[in-house]
Protein chains: 2
Amino acid sequence: MSERVTMADVAREAGVSKMTVSRVVNKKGEISPTTREHVLEVIKRLGYRPSAIARGLATNRTGTIGLVVPDIANPFFSEIARGVEDKAYAADYNVFLCSTYEDPRRERAVLNSLEEKLVDGLLLCSSRLAQDDLASVMDDFAAVVLVNRTVKNDDASMVRVDSVLGGRMATEHLLAAGHRAIGFLTGPSTSFDGRFRVTGYHQALAEAGLAPRADWQQGCTSNVQGGLEAAHELLAGHPELTALLCYNDLVAVGALQACSQMGRRVPEDLAIIGFDDILMAALVTPALTTCRSAQYEIGFQAMRLLLDRIHGCRGGCEEIVLPPELIIRASAP
Amino acid sequence: MSERVTMADVAREAGVSKMTVSRVVNKKGEISPTTREHVLEVIKRLGYRPSAIARGLATNRTGTIGLVVPDIANPFFSEIARGVEDKAYAADYNVFLCSTYEDPRRERAVLNSLEEKLVDGLLLCSSRLAQDDLASVMDDFAAVVLVNRTVKNDDASMVRVDSVLGGRMATEHLLAAGHRAIGFLTGPSTSFDGRFRVTGYHQALAEAGLAPRADWQQGCTSNVQGGLEAAHELLAGHPELTALLCYNDLVAVGALQACSQMGRRVPEDLAIIGFDDILMAALVTPALTTCRSAQYEIGFQAMRLLLDRIHGCRGGCEEIVLPPELIIRASAP
DNA sequence: CTGTTAGCGCATTCAA
DNA sequence: TTGAATGCGCTAACAG
């Protein structure tokens, strides 16, 4: 790495002022074609690259947004990220993609860094922070869009899937198939989506005249291993269960594994439903019935809303609610 | 978002110089406990947050590294990212995770942005750039570590899996099982890993006295859909194939789907081997035989090497070569 | 232990 | 159409 060439170097070499160079670089203001060509030639010859840092300090804008997700290894979030990045790329923004690995402390640390780096906006997915924490964090950012997370503070746009409805739909599907003993692996306690799905599950049970049983619900970490372990425990303790809702598809795949190990056939002995409809859901055996959410669309729309906010359309904090869709496959026909 | 509080504000309010505030913030130099406490109190009261941008401009260090991968939706890369981020987090670095979605233009754009943002180091995974392009890009960064990609320029540390060996191992396994008509879905032409695996495949064939056949090899995009389509085409044109190597596990899963659609049983009619050993490999039916690489370890080690380079241990450009491991499952027993 | 001076590289006034 | 001065917020190098 050679010494960095600065705008001053270019100006000196080209025999013009820094201002002129700046104008050429940013295509701002009128400039005579002659000097422009000349400056461009010098820029190329010297290999000048503008410093985004210096520009950021001067303009207070960085052309960067932060995208924070609980776990980038979860295809649900990597699909969202794809939607975000496609939209961001088109709008000439860079994305700081940060995975918190489900750790609220790490989430705080990451948000702190993003704030210090003066990102122009923040896209926060499924935040695991407590309400007060989240509200205070949000004050630090000029523009925020929340994904799948509500907060008292109404100063953020939001994109979310109606998880209460999703929980209802999945439960109703099982009830309609005659199931009465339906368990739920509810995921991490920090997940609001998880709680919403449980709410929908309770609603559907109530409408069928059934009382929810706490011992049929069990938390778990949000991955295959977590589903595997939790399913083992829940099913061992409650052989009466004939159906199992799972926090997300990763957990559901873990439950599938557990059933295979315990010799319980799916769906004959136990029906299983997941959430999200990640790629893997259709590829495991039996294929997973799941409650789909449009991940790419979530990301794309969220980035669109964020751009709106960054560009000052602060008027209405838009809220986009996407409907879930039940995809019926072999694990719960 | 309220007006940003600066160091000058804190200094004024606390009745000290900016320098003293800076020392407190950065825990540098000796400071009397009294003033330190006082300054800290003011910082808290005013809600001061240092600007990483300004600090970056002053110090020429940003505490940030760039991580560039072809596709974050591929679990292979998200696992690497996890290794990188864990190590980075421990060393107090932030990670700019960028996915190029297999598009070299997008890769160039992303590298350009990272350079302008003055990242302290670059971790470049499976670059899809041509040799010359890559060599010139690397000059722009103070410290670079390459993952699974070689380049003439020897001014970068490197972590890679021995893909030639991997290709050999997989092929030898099939040869040992009696297969003589072995096809290969070779992935994107931009992938060096893909080429290396093909090299290993050729080596193994040669040692068995077999000539490679170009019409048994076919490129494809690096995902399930790509594997599905390519497998359809290759298998329809070459029913004589009894075994199929796949660029990676995603492609292999696609091939599995294709077989299911075409009524070819795996492994009875066609043995299939993938590469990487992503989580999904063990979960599909039949479970995939695959050539594992230690993804988390790759990321972790790569970040370690990058920290070495950033901290000036430029002496030897280290190169870490990790051995692949053949995981034999049902798809190619 | 603390303050002063200077400048990082750029963009935003204004003036010419 | 171009240039000069000023400041973004911070730290490094030197004094005191």
Side-chain angles (χ1 to χ4, degrees), chain A residues 1-40 42-43 46-64 113 115-120 140 142, chain B residues 1-40 42-43 46-64 113 115-120 140 142:
Chain A
M1 161 126 147
S2 38
E3 264 319 286
R4 174 161 276 269
V5 177
T6 79
M7 192 171 259
D9 298 328
V10 175
R12 190 178 333 104
E13 180 76 11
V16 298
S17 75
K18 289 195 293 178
M19 202 48 238
T20 304
V21 179
S22 174
R23 286 194 178 101
V24 170
V25 169
N26 297 305
K27 306 182 196 356
K28 269 190 183 173
E30 299 301 291
I31 279 212
S32 89
T34 332
T35 53
R36 136 164 301 139
E37 290 311 317
H38 180 219
V39 169
L40 282 175
V42 174
I43 284 177
L46 265 48
Y48 165 71
R49 320 282 304 277
S51 157
I53 294 283
R55 178 183 291 153
L57 187 59
T59 61
N60 218 18
R61 304 192 327 94
T62 56
T64 301
S113 299
E115 197 276 333
E116 290 183 353
K117 294 198 159 55
L118 297 184
V119 292
D120 295 338
D140 295 339
Chain B
M1 163 126 145
S2 37
E3 265 319 288
R4 174 162 275 267
V5 177
T6 79
M7 191 172 262
D9 298 329
V10 176
R12 189 178 335 104
E13 180 76 11
V16 298
S17 75
K18 288 195 293 176
M19 205 48 234
T20 303
V21 179
S22 173
R23 287 193 178 102
V24 170
V25 168
N26 297 303
K27 306 183 198 350
K28 269 189 184 172
E30 300 299 288
I31 281 212
S32 92
T34 332
T35 52
R36 136 165 301 137
E37 290 311 317
H38 180 218
V39 169
L40 283 175
V42 174
I43 285 178
L46 265 48
Y48 165 71
R49 321 283 305 275
S51 158
I53 294 282
R55 178 184 292 152
L57 187 58
T59 60
N60 218 21
R61 304 192 326 95
T62 56
T64 302
S113 299
E115 196 276 334
E116 291 183 353
K117 294 200 159 54
L118 297 184
V119 292
D120 295 338
D140 294 339

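Proteins come first, then strands; the chains are lettered A, B, ... in the order of their sequence lines, and each starts at number 1.
Regarding contacts with the backbone of dT2(C), a side-chain N or O of Thr35(B) is found under 4.0 angstrom from either OP1 or OP2. Note on Ser22(A): every side-chain N or O is 4.0 Å or more away from OP1 and OP2 of dT12(C). One finds a side-chain N or O of Ser17(B) lying less than 4.0 angstrom from the OP1 or OP2 phosphate oxygen of dG3(C).
For Ala58(A), taking side-chain heavy atoms from C-beta onward, the closest of the listed nucleotides dT1(D), dC1(C), dC10(C) is dC10(C). For Thr59(A), the listed nucleotide lying nearest its side chain is dA11(C); candidates were dC10(C), dT2(C), dA11(C). Picking from dC10(D), dT2(C), dG3(C) the nucleotide with the shortest atom distance to the side chain of Tyr48(B) gives dC10(D).
When rounded to the nearest whole Å, the span between CG of Leu118(B) and P of dG9(C) equals 9 Å. Straight-line distance from the CZ atom of Arg55(A) to the P atom of dT12(C): 10 Å, rounded to whole Å. Rounded to an integer number of Å, the gap from Met19(A) CE to dT13(C) P is 10 Å. Rounded to whole angstrom, the span from the NZ atom of Lys27(A) across to the C1' atom of dA11(C) amounts to 16 Å. The CE atom of Met7(B) sits 17 Å away from the C1' atom of dG7(D) (whole-angstrom rounding). Between Lys117(B) atom NZ and dC8(C) atom P there is a gap of 22 Å when expressed in whole angstrom units. Regarding Asn60(A), its CG atom lies at a distance of 13 Å from the P atom of dT13(C), rounded to whole Å. Here the C1' atom of nucleotide dC8(D) and the CZ atom of Arg4(B) are 12 Å apart, to the nearest Å.
The nearest heavy atom of DNA chain C to Thr20(B) and to Val25(A) marks one nucleotide each, and the one closer to the 5' end goes with Thr20(B).
The backbone N or O of Arg49(B) sits less than 3.5 Å from a side-chain atom of Arg4(B), completing a donor-acceptor pair. A donor-acceptor contact shorter than 3.5 Å links the side chain of Thr59(B) to the backbone of Arg55(B).
Contacts of Lys18(B) with the nucleic acid, taken as non-hydrogen atoms under 4.0 Å apart, include base atoms. At a threshold of 4.0 angstrom between heavy atoms, the contacts of Val16(B) are confined to the sugar-phosphate backbone, with no base atom among them. Residue Leu57(A) is in base contact, counting any heavy-atom pair closer than 4.0 Å across all strands shown.
Taking OG of Ser51(A) as the start and CD of Glu115(B) as the end, the distance is 9.0 Å to the nearest 0.5 Å. Summarising the geometry, atom CD1 belonging to Ile53(B) is positioned 10.5 Å from atom CD belonging to Glu116(A); distances are rounded to the nearest 0.5 Å.
Around the CG atom of Asn60(B), the shell of radius 6.0 Å holds no more than 12 heavy atoms that belong to other residues, nucleotides or ligands.
Counting atom types as modelled, Arg23(A) pairs a side-chain N or O with a base atom of dG3(D) as donor and acceptor under 3.5 Å.
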